[in-house]
Amino acid sequence: MAEKIYSEIPMRTWRWLGVNEARVEESVLAPDMAAVQSLFVPAGESRELTVVYRQEGEGRLDVKVAEGGSLKLTVVQLLPDDRQYAGQVEVELAKGASLEAVAVEVGAAKAVSKMQVFLKGDESRADVHVLYFGHEARKLDMNYVLVQEGRQTEANLNVYGALSGQADKIFRGTLDFRRGSKGSKGYEKEQVIVLSGKVRNRSVPLMLSGEDAVEGHHAVSIGKMDENKLFYLMSRGLDMAEARRLVVEAAFNPVLDRIGDEELYRELDDYIKERLADE
Amino acid sequence: MSRKLLEIKDLHAGVADRQDKGEILRGLNLEINAGEIHVILGPNGSGKSTLMNVIMGHPKYEVTGGSIAFEGESLQELKTFERTRRGIFLSFQNPEEIPGITVENMLRASRQAVTGKPVKIMKFRKELKAAMEELQIDPEYAGRYMNVGFSGGEKKRNEILQLLLLNPKLALLDETDSGLDVDAVQIVSGGVRRFHNEDNACLIITHNTRILEQLSVDRVHVLMDGQIVEEGGPELIEKIDREGFGFLKQD
Amino acid sequence: MENRNKTFVEDIERTLYDIRNEDRSAYKSQAGLTEDVVRDISARKHDPEWMLERRLESLKVYNSLSLPAWGPDISELNMDEIVTYVQPDAKMAGRWEDVPEDIKSTFDRLGIPEAEKVSLAGVGAQYDSEVVYHSIQESLIQQGVVYTDMETALREYEALVREHFMRLVPPKDHKFAALHGAVWSGGSFVYVPEGVHVEIPLQSYFRLNAAGAGQFEHTLIILEKNSSLHFIEGCSAPKYNVTNLHAGCVELFVGEGARLRYSTIENWSRNMMNLNTKRALVEKDGIIEWVSGSFGSHVSMLYPCSILHGENARCEFTGVTFASKGQNLDTGASVIHAAPYTSANISTRTISKAGGRATYRSAVKVTPNAHHAKCSVNCESLMLDDISRSDTLPVMDIQGDEADIGHEATIGRISEEAVFYLMSRGISEEEARAMIVRGFVEPIAKELPLEYAVEMNNLINIELEGTMG
């Protein structure tokens with residue numbers, strides 16, 4: 001099956017690492033299978049939007065937030081385990097606009113997703129929270145890019161992931177401070193819990209800067225569960241599996257707690273619990 | 001009457017890069033003579049730390065009116081380090097961490113800059129060691145990077161260490177006692193006592209009057225909304241300790 | 001910590017590195033890269049037959065590979081104009097007196113003979129394509145330590161060289177590794193026998209004098225079981241207005257329980273394309289320590305790689321890169337954890353100013369069998385103005401569930417609060433900024449040999465002069 005380059009890393013590196021581009025089967029990108037949506041948030045107003053993808057194909061979402069507007073965006077990918085997904089979200093923020101985004105990637109056999117946030121206006125702000133869960137032979141390929149153009153902008157990218165089975169995951173997270181983005185701050189953090197010896201985890205935190213008057217920070221930690229934590233929980237009577245489940249859930253809670261929709265929250269919670277129980 | 005060190009007249013100042021200039025000090029007057037200890041009390045946000053930073057010439061603040069003179073010379077055109085070299089010292093409320101520069105190297109560079117004379121290494125080390133002992137600072141800290149990984153109390157003691165070694169004419173102490181336990185406050189106040197003599201002066205900001213117990217305070221000023229609203233002798237400390245600032249609110 | 005006052009360092013003449021000698025080479029290959037050129041170099045160097053074959057094979061690989069699709073733009077490099085072999089008019093000497101005067105005075109100015117007397121156990125000096133001087137302390141020879149130029153090694157330790165040469169960096173690795181394999185010349189060979197500790201460092205210095213030339217020295221170091229060595233590499237060249245090329249290759253074999261420290265301060269002139277490849281293979285309980293300073297060159301692509309091949313093998317990497325006007329310095333490190341309980345620490349500082357571009361690029365790979373691998377990366381970037389660039393591009397590729405990997409990076413400028421704090425202690429604004437920059441690189445500086453730490457400070461002072469205050 002022919003593949004297409006669906007998204008690319010903002011700055012290329014060694015080819016042998018296989019992280020420069022993400023590919024998607026052409027059939028997934030067939031126009032009749034695309035779910036395209038756009039949203040405009042007028043100046044000074046606030047909106048909430050929740051999108052859940054459950055069918056094979058491509059999801060595309062285009063958002064513009066005008067001056068002083070705010071958007072709470074929740075994007076959830078919950079495809080069946082044998083389906084493929086490609087998705088892109090693009091958000092543009094005008095002066096003083098803000099975005100709180102929650103992205104959850106838990107389904108599909110192969111999911112390729114891209115999110116780009118352009119902080120164009122001065123004092124715009126983006127808080128992006130990402131949760132991913134790799135299970136069985138799932139392939140997850142993510143490319144998140146936060147571009148800071150305006151002055152005094154603030155971008156936060158918080159990523160929590162867990163990988164089990166033979167999951168294969170790439171997470172690219174980029175903070176891009178453009179020249180002129182004086183006074184801007186950017187922060188990126190990815191925490192990965194590895195639950196199986198057969199997973200492959202690739203983490204690519206980029207920080208690009210053409211501006212000196214910025215503060216940027218990124219951090220990645222990859223490891224298995226904290227043994228002290230597990231021991232503590234087990235000393236309180238939980239068995240190993242329960243303790244592990246609890247630790248993963250605790251790691252995911254900062255993201256899940258932001259899902260406003262009660263029903264969706266429960267669905268995701270159950271989905272993750274169920275799969276952790278298979279462990 | 002003793003020698004006048006600091007004279008502030010009708011001082012107005014605010015944050016420099018804010019369009020509204022966010023005026024914080026609004027017509028403040030203050031005079032400090034050699035040999036004196038002054039205390040500034042005031043609620044949070046009244047402008048105490050701003051005053052300290054403005055005297056020291058912090059670029060973040062802009063003086064929009066009035067004057068500050070030190071030993072008769074206007075400070076207006078002087079950069080921070082020039083003010084230091086004339087004998088003003090600020091003990092920071094939150095001392096900066098400077099990775100890569102050891103306490104000893106920093107202090108030596110600083111001493112050299114302030115005195116304008118080369119520092120003799122062995123003599124300086126002896127002096128440093130003695131001062132560290134007095135402030136109960138582990139001598140190993142001389143080789144550590146400035147304030148990096150120091151606890152709050154260690155940072156404050158490191159400020160007093162610099163006060164002792166630079167021996168300025170006017171020491172500005174911005175909440176040097178905050179966050180310290182009883183013993184540490186004793187050590188810090190002992191350091192201030194050792195520093196103070198007839199030729200120099202202290203201006204102390206504090207929320208906690210314990211540091212003042214062993215110092216002979218000459219004058220107390222109460223700062224509210226960027227102005228001195230009440231002045232008096234040490235008895236004012238007790239009154240505010242008892243009653244808070246409530247009795248001063250006059251609107 | 002020993003007290004070195006680095007606050008006030010005298011300036012050195014920038015021109016020290018820029019003094020060029022008249023080009024009176026004995027022989028130069030024709031510019032460009034053809035089979036004839038390669039055969040010619042091989043014949044002049046009296047290569048054994050197998051080496052000629054490897055050169056020709058490398059040439060084929062070179063012609064089959066394209067330029068990397070990532071990293072700095074190196075399209076201005078025109079191989080047809082590069083002279084790959086410049087033989088100086090000098091025989092290899094064991095005494096400085098026997099080195100021709102103009103070449104000797106170059107190394108004098110760089111302080112090499114002086115350092116040899118004071119702080120080194122052996123010295124190699126390469127001028128253009130050939131090594132002109134080599135020495136080693138008698139006591140080391142008696143312990144079986146070998147330190148010589150690669151050509152001599154090829155004659156006298158042929159089997160050893162044949163076994164190791166370009167085994168870690170095969171020509172197929174990338175285009176410039178292939179180029180190196182085809183036209184390499186000069187470099188140093190070190191062999192330290194089992195259990196021998198070389199207490200005083202050895203140093204090789206590489207000087208490229210000829211304009212429009214390439215330098216392709218090969219450094220091969222073999223440390224047997226439980227031995228140790230500190231090797232220092234220095235490089236510089238005068239400035240020309242044509243492009244020079246450096247495509248050296250460093251292969252380090254660190255045996256079981258052995259410890260190698262490899263220190264470099266690279267100060268190529270700003271017409272240099274520095275496309276160097278360095279790689280270490282570390283066996284059980286062995287340690288490789290890289291200390292790397294990149295200040296010079298027009299373009300650099302340099303990422304020392306450590307392959308942690310035996311259990312408990314360890315890598316410590318400390319690097320500083322300072323990119324100024326007209327420079328694009330793409331540097332970093334890679335570590336491959338290929339055995340259990342291997343560990344690595346990478347700590348880097350980059351500074352960019354005056355339109356310079358600094359990139360930190362790295363790869364950390366943990367293979368599935370490398371359980372309990374541990375790696376921590378810390379990179380900090382400082383930007384001194386808003387016309388420069390600083391990019392951080394690390395990749396972690398981790399397999400298995402028993403690895404513990406941490407990565408942290410920050411980017412920013414000099415803190416105005418810190419400047420104010422120092423000024424409030426009487427230090428002038430200009431000096432306060434310089435102190436902060438020096439403090440920023442201090443974790444690296446303290447890992448360098450003293451003379452190099454001083455040289456690094458001098459380089460920083462030169463760079464900071466006139467840009468601040």
Side-chain angles (χ1 to χ4, degrees), chain A residues 9-20 163-164 166 168-172 174-177 179-182 185-226, chain C residues 68-71 173-174 303 330 332 334 352-353 357-366 368-369 371-416:
Chain A
I9 197 170
M11 188 176 279
R12 298 175 72 84
T13 190
W14 292 291
R15 202 181 316 152
W16 60 271
L17 295 161
V19 298
N20 285 331
L163 299 172
S164 71
Q166 303 94 53
D168 183 351
K169 159 256 152 183
I170 301 175
F171 186 88
R172 307 172 195 78
T174 303
L175 298 172
D176 185 354
F177 296 99
R179 192 169 167 196
S181 61
K182 290 197 184 299
K185 290 180 183 170
Y187 180 86
E188 176 188 349
K189 187 174 186 177
E190 185 191 355
Q191 278 177 287
V192 193
I193 298 176
V194 178
L195 299 166
S196 136
K198 297 198 175 81
V199 303
R200 182 171 189 191
N201 172 65
R202 277 170 282 182
S203 295
V204 193
L206 272 69
M207 195 154 53
L208 313 176
S209 181
E211 174 59 55
D212 65 323
V214 296
E215 281 173 43
H217 184 89
H218 72 215
V220 175
S221 75
I222 304 161
K224 58 173 195 166
M225 263 179 213
D226 184 339
Chain C
W70 50 271
D173 215 74
H174 58 85
Y303 328 95
D330 199 297
S334 60
S352 52
K353 77 163 251 268
R357 178 165 186 185
T359 303
Y360 168 81
R361 186 185 301 273
S362 69
V364 171
K365 188 174 174 67
V366 176
N369 65 317
H371 58 83
H372 297 92
K374 223 176 156 160
C375 180
S376 90
V377 181
N378 173 285
C379 45
E380 294 183 21
S381 306
L382 188 63
M383 292 181 69
L384 298 183
D385 56 48
D386 63 0
I387 55 170
S388 305
R389 265 206 83 82
S390 184
D391 299 317
T392 307
L393 210 173
V395 180
M396 284 148 271
D397 182 354
I398 314 300
Q399 287 172 278
D401 64 344
E402 294 277 357
D404 177 2
I405 309 297
H407 172 99
E408 230 180 308
T410 58
I411 195 162
R413 60 172 169 177
I414 292 175
S415 149
E416 291 306 316

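So you know, we letter chains A, B, ... as the sequences are listed, proteins then strands, and number each from 1.
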Value rounded to 0.5 Å, distance of [atom1] in [X] from [atom2] in [Y]:
| X | Y | atom1 | atom2 | result |
| --- | --- | --- | --- | --- |
| A:R172 | C:L393 | CZ | CG | 11.5 Å |
| A:W14 | C:H174 | CH2 | NE2 | 10.5 Å |
| A:L208 | C:T359 | CG | OG1 | 9.0 Å |
| C:R413 | A:E215 | CZ | CD | 9.0 Å |
| A:R12 | C:R361 | CZ | CZ | 10.5 Å |

I'd like to know which of [options] tops the heavy-atom pair count under 4.5 Å against chain A.
| options | value |
| --- | --- |
| C:D385, C:V377, C:I387, C:D404 | C:D385 |
| C:L382, C:N378, C:D391 | C:D391 |
| C:E416, C:R357, C:E408, C:K374 | C:E408 |

Please classify the contact of [X] with chain A as side chain, backbone, both or neither, using a heavy-atom distance under 4.5 Å.
| X | result |
| --- | --- |
| C:P394 | both |
| C:A403 | backbone |
| C:Y303 | side chain |
| C:S415 | neither |

Which one of [options] has the most heavy-atom pairs closer than 4.5 Å to chain C?
| options | answer |
| --- | --- |
| A:G197, A:A219, A:G223 | A:G197 |
| A:V19, A:D168, A:V214 | A:V214 |
| A:I222, A:L206, A:V192 | A:I222 |

Chain C heavy atoms under 4.5 Å from [X]: which part of the residue, side chain, backbone, both or neither?
| X | answer |
| --- | --- |
| A:R200 | both |
| A:V220 | both |
| A:K189 | neither |
| A:Y187 | neither |

Can you see which heavy atom on [X] is nearest to which on [Y], and at what distance?
| X | Y | answer |
| --- | --- | --- |
| A:D212 | C:D386 | OD1-CB, 3.3 Å |
| C:M383 | A:E211 | SD-O, 3.3 Å |
| C:M396 | A:P205 | CE-CD, 3.6 Å |
| C:I411 | A:S209 | CD1-CB, 3.4 Å |
| C:G400 | A:V194 | O-CG1, 3.6 Å |
| C:T410 | A:M207 | C-CE, 3.8 Å |

Testing A:N20, A:I9, A:T13 for side chain to side chain contact (heavy atoms under 4.5 Å, CB included) with C:V395, which one passes? A:T13

Side-chain contact, heavy-atom cut-off 4.5 Å: C:K365 with A:W16?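 Side chain of C:K365 against side chain of A:W16, heavy atoms only: contact under 4.5 Å found.
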
Over 60° means perpendicular and under 30° means parallel, so classify the ring planes of C:H407 and A:H218, tilted if in between. tilted

